[in-house]
Amino acid sequence: QEQLVESGGGLVQPGGSLRLFCAASGLQLDRYSIGWFRQAPGKEREGVACISSSDGATYPADSVKGRVTISRDYAKNMVYLQMNSLKPDDTGVYYCAVREGLAFPCWPSRYNYWGQGTQVAVSS
């Protein structure tokens with residue numbers, strides 16, 4: 001069955017960088033729109049960035065625009081999230097997810113299949 005597994009999270013200092021990975025199995029990523037989402041303690045899950053399978057258009061959230069890049073490698077069936085200039089409020093559990101159809105709006109409620117998440121902590 002389909003499975004999404006995130007990795008690459010960890011503890012970084014403010015201003016640092018992380019690269020997150022999402023490996024898909026039992027699921028062909030080029031059939032789906034893909035998104036990265038995060039949830040901070042006590043807050044609702046929010047979209048970080050989504051990407052279209054058809055034309056590769058990306059839809060980053062305003063809060064991370066210019067600092068975050070979502071990409072995918074269909075040959076490896078992988079999705080990536082490069083995060084730079086990290087801030088403490090970037091802290092949270094990061095999830096990858098997919099859906100059939102349009103990638104945008106990049107809302108968690110629109111996405112159907114989810115990974116287990118990887119934790120990111122930005123702190124001194």
Asker: I'd like to know if the side chain of Ser53 pairs up with that of Asp30 as donor and acceptor (distance under 3.5 Å, no hydrogens or angles considered).
Answerer: no
Asker: Looking at Asp62 and Lys65, does any basic side-chain N land under 4.0 Å from a carboxylate oxygen?
Answerer: yes
Asker: For the atom pair CG (Leu81) and CG (Leu18), what is the distance rounded to the nearest 0.5 Å?
Answerer: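 Rounded to the nearest 0.5 Å, the CG-CG separation comes out at 9.5 Å.
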Asker: If you count every heavy atom of other residues, nucleotides or ligands that lies below 6.0 Å from Glu100 atom CD, does the total exceed 12?
Answerer: no
Asker: Are Arg110 and Leu102 close enough that some pair of their side-chain heavy atoms sits under 4.5 Å apart?
Answerer: yes
Asker: Only one of Tyr94, Tyr111, Trp107 clears ring-ring contact (aromatic ring centres under 6.0 Å, His included) with Phe37; which?
Answerer: Tyr111
Asker: First locate atom OG of Ser124, then atom CG of Leu11, and finally report the distance between them rounded to the nearest 0.5 Å.
Answerer: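 Output value for this atom pair is 9.5 Å.
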Asker: State, yes or no, whether a side-chain contact exists between Trp114 and Arg45 at a heavy-atom distance under 4.5 Å.
Answerer: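 The answer is yes, as the side chains (C-beta and beyond) meet within the 4.5 Å cut-off.
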Asker: Using a 4.5 Å cut-off on heavy atoms from C-beta on, say whether the side chain of Arg38 contacts that of Val64.
Answerer: yes
Asker: Could you check if a side-chain atom of Asp90 sits within less than 4.5 angstrom of a side-chain atom of Arg67, using non-hydrogen atoms only?
Answerer: yes
Asker: Do Tyr80 and Ser71 come within less than 4.5 Å of each other through their side chains, counting heavy atoms only?
Answerer: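 They are in side-chain contact.
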Asker: Nearest 0.5 Å, what's the CE-CZ distance between Met78 and Arg72?
Answerer: 14.5 Å
Asker: Measure the shortest side-chain to side-chain distance between Val5 and Gln116 over non-hydrogen atoms and say whether it is less than 4.5 angstrom.
Answerer: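 Heavy-atom side-chain distance check passes, below 4.5 Å.
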Asker: Are Val120 and Leu20 side-chain neighbours, meaning at least one heavy-atom pair lies under 4.5 Å?
Answerer: yes
